[in-house]
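Each chain gets a letter, A, B and so on, in the order its sequence line appears, and its residues count up from 1.
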Amino acid sequence: MLEIANVRFDADSIDVARALIGVEVLVDGVGGRIVETEAYDASDPASHSYGGPTTRNAALFGPPGHAYVYRSYGVHWCLNFVCREAGHGAGVLIRAIEPTHGLDVMRERRRLIDARRLCSGPGRLSQALGITGAHDRLPLDSAPFELRPSPMIAEILISPRIGISKAQDMPWRFGLAGSRFVSRPFK
DNA sequence: TTTACGATTAACT
DNA sequence: GTTAATCGTAAAG
């Protein structure tokens, strides 16, 4: 059994995406509580892993409980957690966190004061935590990563995913109810 | 080698 | 609320 911070990473990406809401993620001690995720799977046309392994998405086909970091729009780094079993190609995109640790470091990296917009979006979050391609394929249960169990029973909201052109109707986006730190409001 | 395309963001009105 | 800029990938030539 592969379990980190009370989350089983050998489960389906949808289950992992739900379970991650409320979990605290830190990178070199900087980070916060996960408030928004999206599930992706190899059978999903919107997923990077759809169509099999390539150089870019290799991490998605590696062991679960590891990071998959990719460049989006050629500009932004985005952080995913690999799940299910090695070789499957399932993952969870971390879309937003509520900053709790290292606010000053994040503000300096982002050149931004407003905590609400500091990590509300996959690209913003990665910039605030200092995530780069160097974090691709790193295990989530050892430095610089640290995952801490959710301190509460999270109330979960569900909606279709954002910013994709395929499989748009699949309700595979999950968020923490009432959080002001999500990238876009839930209906 | 060339080209089309985004799992977005920032800067607008 | 809207729109334009952005450039690493991967697939095609």
Side-chain angles (χ1 to χ4, degrees), chain A residues 9 12-21 23 25 27 32 34-62 64 66-84 88-99 106-138 140 156-176 179-187:
Chain A
F9 281 85
D12 283 349
S13 51
I14 292 175
D15 294 334
V16 176
R18 287 187 68 108
L20 282 173
I21 299 297
V23 171
V25 54
V27 180
I34 297 174
V35 297
E36 187 179 346
T37 60
E38 282 181 6
Y40 288 87
D41 189 89
S43 61
D44 168 11
S47 172
H48 283 179
S49 57
Y50 188 71
T54 65
T55 307
R56 174 171 68 141
N57 67 21
L60 272 175
F61 291 89
H66 285 230
Y68 164 49
V69 179
Y70 70 93
R71 190 82 97 148
S72 173
Y73 292 89
V75 187
H76 317 285
W77 293 108
C78 294
L79 174 64
N80 300 249
F81 293 168
V82 180
C83 57
R84 255 180 173 235
H88 185 86
V92 174
L93 170 68
I94 311 301
R95 283 194 56 90
I97 67 176
E98 173 183 344
M106 292 193 235
R107 289 197 175 102
E108 190 172 330
R109 285 174 178 154
R110 298 255 312 126
R111 302 263 159 74
L112 184 75
I113 310 264
D114 182 11
R116 182 168 160 170
R117 294 167 67 178
L118 211 47
C119 301
S120 61
R124 297 170 174 178
L125 173 164
S126 300
Q127 186 181 8
L129 300 206
I131 299 282
T132 70
H135 295 84
D136 195 33
R137 314 198 74 155
L138 293 183
L140 299 174
I156 311 285
L157 299 177
I158 304 175
S159 85
R161 293 174 294 182
I162 290 177
I164 57 176
S165 55
K166 298 164 190 163
Q168 291 169 321
D169 296 334
M170 303 278 82
W172 291 343
R173 173 174 177 247
F174 302 93
L176 177 64
S179 175
R180 307 185 335 273
F181 297 91
V182 295
S183 61
R184 303 192 58 171
F186 285 74
K187 184 162 53 171

Sequence-distant partners of A:Ser159, side-chain hydrogen bond (donor to acceptor under 3.5 Å, both in side chains), two or more places apart: A:Arg173
So if I define the base as every atom that isn't primed, P, OP1 or OP2, how would nucleotides 8-13 of chain B read as a B/S/- string at a heavy-atom cutoff under 4.0 Å? BSS---
Show the numbers, then the answer: is there a side-chain contact (heavy atoms from CB on, under 4.5 Å) between A:His66 and A:Leu138? CA-CA 6 Å; A:His66 285 230; A:Leu138 293 183; over 6 Å; no
Partners of A:Arg71 by salt bridge (Lys or Arg N to Asp or Glu O under 4.0 Å), sequence neighbours excluded? none
Mind listing the side-chain donor-acceptor pairs of residues 125-135 of chain A below 3.5 Å, one per line with the distance, residues two or more places apart or on another chain?
unit_1	atom_1	unit_2	atom_2	d
A:Ser126	OG	A:Trp77	O	2.8
A:Ser126	OG	A:Pro122	O	3.0
A:Gln127	OE1	A:Arg110	NH1	2.8
A:Gln127	NE2	A:Arg109	O	3.3
A:Thr132	OG1	A:Ala134	N	3.1
A:His135	ND1	A:Thr132	N	3.1
A:His135	ND1	A:Thr132	O	3.4

Roughly, in whole Å, what's the span from NZ in A:Lys166 to C1' in B:dG6? 9 Å
When you measure from the side chain of A:Ser165, which nucleotide among B:dG6, C:dC7, C:dG8 comes out closest? B:dG6
Where A:Ser49 and A:Phe61 come nearest, the two heavy atoms and their spacing: O-CZ, 3.5 Å
Nearest heavy atoms of A:Ser120 and A:Ala96, plus distance in Å: CA-CB, 4.0 Å
What is the distance from CG of A:Asp44 to P of B:dA7, rounded to the nearest Å? 11 Å
Nearest-Å distance, NE2 (A:His48) to P (C:dT9)? 11 Å
Under 3.5 Å for both distances, Watson-Crick or G-U wobble, that's the pair rule; now give the dot-bracket for DNA chain C, with | marking pairs to another strand and [ ] for crossing ones. |||||.||||||.
Contacts of type side-chain contact (heavy atoms from CB on, under 4.5 Å), residue A:Tyr70, not counting sequence neighbours: A:His48, A:Arg56, A:Tyr68, A:Ser72, A:Cys78, A:Asn80, A:Leu93
Enumerate the salt bridge (Lys or Arg N to Asp or Glu O under 4.0 Å) contacts for residues 39-51 of chain A, please, sequence neighbours excluded, ordered by first and then second residue. A:Asp44-A:Arg161
Sequence neighbours left out, cut at 3.5 Å: what donor-acceptor pairs do the side chains of residues 13-21 of chain A make with other protein atoms?
unit_1	atom_1	unit_2	atom_2	d
A:Ser13	OG	A:Tyr40	O	3.1

Under the side-chain contact (heavy atoms from CB on, under 4.5 Å) rule, collect the residues that match up with A:Pro45, sequence neighbours excluded. A:Tyr50, A:Lys166, A:Ala167
Within the sub-3.5 Å range, which N or O atoms of nucleotides 2-4 of chain B have a protein N or O partner, and how far apart are they?
none

For nucleotides 10-13 of chain C, list the nitrogen or oxygen atoms of the protein found under 3.5 Å from its nitrogen or oxygen atoms, one pair per line.
unit_1	atom_1	unit_2	atom_2	d
C:dA10	OP1	A:Thr54	OG1	2.8
C:dA10	OP1	A:Arg56	N	3.3

Shortest non-hydrogen separation from A:His88 to A:Ala42 and the atoms involved: O-CB, 3.1 Å
What pairs meet the salt bridge (Lys or Arg N to Asp or Glu O under 4.0 Å) rule with one or both residues in residues 116-136 of chain A, with sequence neighbours excluded? none
Does atom CG (A:Asp114) have a neighbourhood of more than 12 heavy atoms from anything else shown, all under 6.0 Å? yes
